Amino acid sequence: MSLLHADADCFFASVELRHRPDLVGRPVAVATHIVMSATYPARGRGVHGAMPLRQALRLCPELVVLPPRADYQSAGEALMALFWRYAAQVEPGSMEEAFIDVGDTDPVASATAIRRAARDELGLPVTVGVARTKLLAKLASRRAKPDGLLVITEAEEVHLRAGLTIDELWGVGPTTASRLADAGVTRVSELADFDEARLRTVVGTTMARRLLSIRDATDDATVRQIGPRRTVSASRTAMRPSNRWPDIQAHADGVIDLAVQRLAAAHDGQALTHHINLQITYADRNHWSIDLGLPAATRDPDELRRRCRELIMASGVRTAGRPVLLIMVSFRLTNIAGSRLQNALPLF
DNA sequence: TCTGGGGTCCTAGGACCC
DNA sequence: TCTGGGGTCCTAGGACCC
């Protein structure tokens, strides 16, 4: 049995290019003061996501810069709806990618059909990886990019798995990789001598089990329904950190308003929160965080704005005299009664 | 070299209960 | 009152992903 990992290429940029076919094939970036998405011709010049725009323009002076303008959320929803037409189950990984279980249909035929439909109907290039487990399907799509299709057969899987390096593993970041390197492990095959008890002392219980399941080829091969969103947040980084109270207040009000707006839109307007988290990062990179449990779950914008402002005052940021770099407000969503249960039920 | 904004999940420790 | 073991809930922070 195989599953698919389908991933729209340079999603934000591809969505913008639908209105600018004249720019196809040229180096294009969707950017504010940082790059949010870069086309493959731009990537070929060293431009990538999260790069400051100035730096991108130094690397690639002819870069075409587009402001983020389109409704990416809607584009992502259309993409997921398209996936569902070919699927028994879809597990979104983000706005623009998903694992897909195509049931009894031939997975390669489905992958080809999905790619064609996304191109014809949505104008989006989608790369698909086909393999037995999620990890390998994702690896396949990564290797097939851009605008490709790669199948890893079960025969190829054995060979490929033996050669996997730690830094190729999805879910293993710099911290875990460096802990493993200190223990003498840079390839999956080098885990041969480890049992769970020993590996646990290096990377913790959950990560140890995941790594051993990858070594033993028993890693996750099930496409699952995912639950409703659990948090809604907003944050802003100041271009020029200030310690003046009017600046901080304006910064905070902007973030609070955005977070409250997003809460109002979440869960089809039915979201409630019973918990607020406020985080402040000062220009010296020191963090400060406070949590507030609410007496009753609410979505009342006025109450939430008032509570958030109280937290700002309680933070002491007004009198601290230290320049503020980042403010973040996060609402933990209250589970809507029965929503988890509903999600666990089969779809008829 | 940590540069952005939105998320999820894990871990460790404390409080509290039986 | 203490000792031990187990469970749950909460909080703070870390790690990771796109």
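Keep in mind the model is a prediction, meaning the values are calculated, not measured. Numbered from 1 within each chain, the chains take letters A, B, ... in sequence-line order.
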Interatomic distance at C1', dC17(C) relative to dC2(B), whole Å: 16 Å
By the 4.0 Å heavy-atom rule, please label [X] as base, sugar-phosphate, or nothing.
X: H275(A); result: sugar-phosphate
X: T32(A); result: nothing
X: Q55(A); result: nothing
X: R209(A); result: nothing
X: S330(A); result: nothing
X: V172(A); result: sugar-phosphate
X: R262(A); result: sugar-phosphate

Nearest nucleotide by nearest heavy atom, which residue falls closer to the 5' end of DNA chain B, A50(A) or V232(A)? A50(A)
Which residue lies more 5' along DNA chain B, comparing T231(A) with M207(A) via nearest heavy atoms: T231(A)
Residues R115(A), D147(A): salt bridge by 4.0 Å N-O rule: yes
Between K134(A) and D219(A), is there a salt bridge with N-O shorter than 4.0 Å? no
Give, for atom CD of E16(A) and atom CZ of R69(A), the distance between the pair rounded to the nearest 0.5 Å. 5.0 Å
Enter the distance from L164(A):CG to H159(A):NE2 here, rounded to the nearest 0.5 Å. 11.0 Å
Applying side-chain hydrogen bond (donor to acceptor under 3.5 Å, both in side chains), can you list everything that pairs with S178(A), at least two apart in sequence or on another chain? none
For the pair F99(A) and H5(A), name the ring-plane relationship: parallel under 30°, tilted 30 to 60°, perpendicular over 60°. tilted
Chain A on DNA chain C: first and last contacting nucleotide, 5' to 3', under 4.0 Å to a heavy atom? dT11(C) to dC18(C)
Assigned partner base of dC18(C), Watson-Crick or wobble definition, under 3.5 Å: dG5(B)
Of all heavy-atom pairs between V329(A) and A259(A), which one has the smallest distance, and what is that distance? CG1-CB, 3.9 Å
